[in-house]
K.L.:
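Input: one structure, supplied below.
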Protein chains: 2
Amino acid sequence: MRRKVKEAAVALDYHPNIAAQSLIARRSYLIGLTYERPSPSYVVELQNGALSRLENGRYRLVVLPFNHVTSRPEELGKLLLRAGLDGVLLAPPACDQPELLDMLERQKLAYARITPHRDLHRGVVVAMDEVAAGHSVAAHVLALGHRRVGIILGDPSHAASKGRLEGYRQAFAEAGHSIDPTLVVTGDFTYDIGYRVALDLLRHSPRPTAILAQNDDMAVAAIAAARDLGLAVPTDVSVAGFDNSEVSRTAWPQLTTVHQPVREMAWDAANRLIAALDGKDELAAPRRRDHPHELLVRASTAPPAE
Amino acid sequence: MRRKVKEAAVALDYHPNIAAQSLIARRSYLIGLTYERPSPSYVVELQNGALSRLENGRYRLVVLPFNHVTSRPEELGKLLLRAGLDGVLLAPPACDQPELLDMLERQKLAYARITPHRDLHRGVVVAMDEVAAGHSVAAHVLALGHRRVGIILGDPSHAASKGRLEGYRQAFAEAGHSIDPTLVVTGDFTYDIGYRVALDLLRHSPRPTAILAQNDDMAVAAIAAARDLGLAVPTDVSVAGFDNSEVSRTAWPQLTTVHQPVREMAWDAANRLIAALDGKDELAAPRRRDHPHELLVRASTAPPAE
DNA sequence: CGTAAATCGGTAAACGTTGACATAAATAGG
DNA sequence: CCTATTTATGTCAACGTTTACCGATTTACG
């Protein structure tokens, strides 16, 4: 009986009109993904994680990159509200804009926050322990015997930068040392700026024997800067990154880094967003979930030469 | 009069219901983007190119990656038709599946093809001259004096691999030489496979003095393979890539490569797709457009040592 | 002041579904 | 065979817009 209908549907290749379905269901079955300043590998991981949850479901993923969120959060809010989404995945730094969260809540647009660093009680949160992750990579370098350690921070508008730095600080304190503030420079997570500040760091005298970069792109830049100064990695200087992005494996030498489970977090964020949308809110609990990081020791770190 | 209405709309912060608008306009204002096997940098370029055309317009971008298109083009067709799109941007190898194009035409789903290599008369086409691009990089290496040249092909299901190879062949012929078939190996555009086949190539005796890789990821893998064998680039072996993707600049030494205008092509494809959807078909003409490539000579190529 | 044009206010159909409901027909159980 | 239940068939309102249209009112212009 219903089989016949389905057969007829196939025969006429009838496809239900999605707009009409959306209209009556009061759902668009669209999930947004916002991010800023795309480090390609990060964006693709994020996207693939979310997509792996969405495939074989009704929901579709709309990508909405948006730059300079911190200076104009309301504009992003308008963009998101105009996009007719059912829910949105917020990557840093958008996930840390209270004004934006206010807007979304006022308009009842569901959201999930990926690695936020403030107001952790608000909305659905997936995170990793940035402090512990920072701690583990710094402890590794200290255990190798390094003392003069250069640090390349990420974009200050991303709160992850602070968390990771705090982790470094704790590791230094535990080892009975402290960070040399003259060896701390600020990047913005991009290769180009990373290269520039790494050069500054390596021209410092006495030269640092190790560099902790807050993402892999900047770590790779530091390796290039070292080579351009005639220094070998890890013989003359050790370099560690952060994220375990594709470049960390394709770099030479392969980067010691901390695996950031971006894919898994994006999957989880999408999963719980959908659970909330489909009214299975219980499944979304607990509101906050931490995903484990992992220190990956590869070829770019070694004991100092002297 | 209408000003008052707009003011009231703002005051009540009223946002028109997109589903209802779509229903009546018989438009979803959704553009799809399909691609396969995401080399992160390629995907991001593609996406950003399309997005840069879409922003400030009504259209939104839905990402629909799909693997193994060549073995199941109808499945991708179903996915696209079910997604409720107004139009779709087809990257390789989906853009070269006649069955898929047939389905889309039958269901009247507009499409634009990015760098297709067959049936170039069908639909909207944006392309580059792969043969000429392959020619230019091969000619460069030959002009440096290389004769034993290893070649790492891309995924055979991507027609670009053939076009680029044909360009190499022409350059060799013009120089009065020919490609040594024992020095041609097949990769799949990924780093890992690229690394493996590059090792094979470099263990060949006599060793090639230069390697032409059909994308940058594989070229970077070849550099890593060379270093792992104790060979310096470009002193012992020159390496050239293809695409001018981000890794080509962050690699060390920076890669000689051919700029593939992915961003521009994606912009153009989106532009002409929208022109067709909005009924400004005249603006979409000519149906086919070639974008210029550009040889970028950087640090990874030099004359052979001997 | 009178006519033509522009503006206003209101009603209604249409877009393609879904879901509720009512009625009619088929099937099952005792 | 009769009732109770399941299954089939059909009608209609609703979702939130847009577009067309009609009549009423205002404005512009000679």
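Keep in mind that what you see is a predicted model, and the values were worked out from it rather than measured. Side chains are part of it too, since the values below use all heavy atoms of this structure and drop only hydrogens, waters and symmetry mates. Proteins get letters first, then strands, A, B, ... in listed order; numbering begins at 1 in each.
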K.L.:
If a protein heavy atom is under 4.0 Å from the base, mark B; if only from the sugar-phosphate, S; if neither, -; do that for nucleotides 12-21 of chain D going 5' to 3'.
P.N.:
--BBBBB---

K.L.:
Would you say Asp129(A) and His293(A) are linked by a side-chain donor-acceptor pair, where the criterion is simply a distance under 3.5 Å?
P.N.:
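No, Asp129(A) and His293(A) have no side-chain donor paired with an acceptor closer than 3.5 Å.
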
K.L.:
Mind checking side-chain contact (heavy atoms from CB on, under 4.5 Å) for Glu130(B) and listing every partner two or more places apart, or none if nothing turns up?
P.N.:
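Counting only residues at least two positions away or on another chain, Glu130(B) forms a side-chain contact (heavy atoms from CB on, under 4.5 Å) with Thr115(B), His117(B), Met128(B), Ala160(B), Arg164(B), Phe242(B), Gln260(B).
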
K.L.:
Does any N or O in the side chain of Arg289(A) come within less than 3.5 Å of the main-chain N or O of Ala269(A), such that one atom is a donor and the other an acceptor?
P.N.:
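Here the side-chain-to-backbone pair does not exist.
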
K.L.:
Given salt bridge (Lys or Arg N to Asp or Glu O under 4.0 Å), test Asp86(B) with Arg60(B) step by step and report yes or no.
P.N.:
CA-CA 10 Å; Asp86(B) 284 349; Arg60(B) 294 156 292 169; over 6 Å; no

K.L.:
Please list, chain by chain and in numerical order, all residues satisfying salt bridge (charged side-chain N to carboxylate O under 4.0 Å, His left out) with Asp290(A), sequence neighbours excluded.
P.N.:
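For Asp290(A), the residues satisfying salt bridge (charged side-chain N to carboxylate O under 4.0 Å, His left out) (neighbours in sequence not counted) are Arg288(A).
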
K.L.:
Arg27(A) has an atom CZ; how far is it from atom C1' of dG19(C), in whole Å?
P.N.:
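Rounded to whole Å, this separation is 16 Å.
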
K.L.:
Within the sub-3.5 Å range, which N or O atoms of nucleotides 25-27 of chain C have a protein N or O partner, and how far apart are they?
P.N.:
none

K.L.:
Mind checking what makes side-chain contact (heavy atoms from CB on, under 4.5 Å) contact with Arg53(A), not counting sequence neighbours?
P.N.:
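Applying side-chain contact (heavy atoms from CB on, under 4.5 Å) to Arg53(A) gives Trp267(A), Ala270(A), Asn271(A), Ile274(A).
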
K.L.:
When rounded to the nearest 0.5 angstrom, what is the spacing between CZ in Arg249(B) and CG in Asp192(A)?
P.N.:
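One finds 7.5 Å between CZ of Arg249(B) and CG of Asp192(A).
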
K.L.:
Does any pair with a residue in residues 101-110 of chain B pass side chain to side chain donor-acceptor pair (under 3.5 Å), and if so which ones, sequence neighbours excluded?
P.N.:
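Every side chain to side chain donor-acceptor pair (under 3.5 Å) pair that includes a residue of residues 101-110 of chain B, provided the two are not neighbours, is Asp13(A)-Gln107(B), Asp102(B)-Arg122(B), Glu105(B)-Tyr111(B), Glu105(B)-Arg122(B).
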
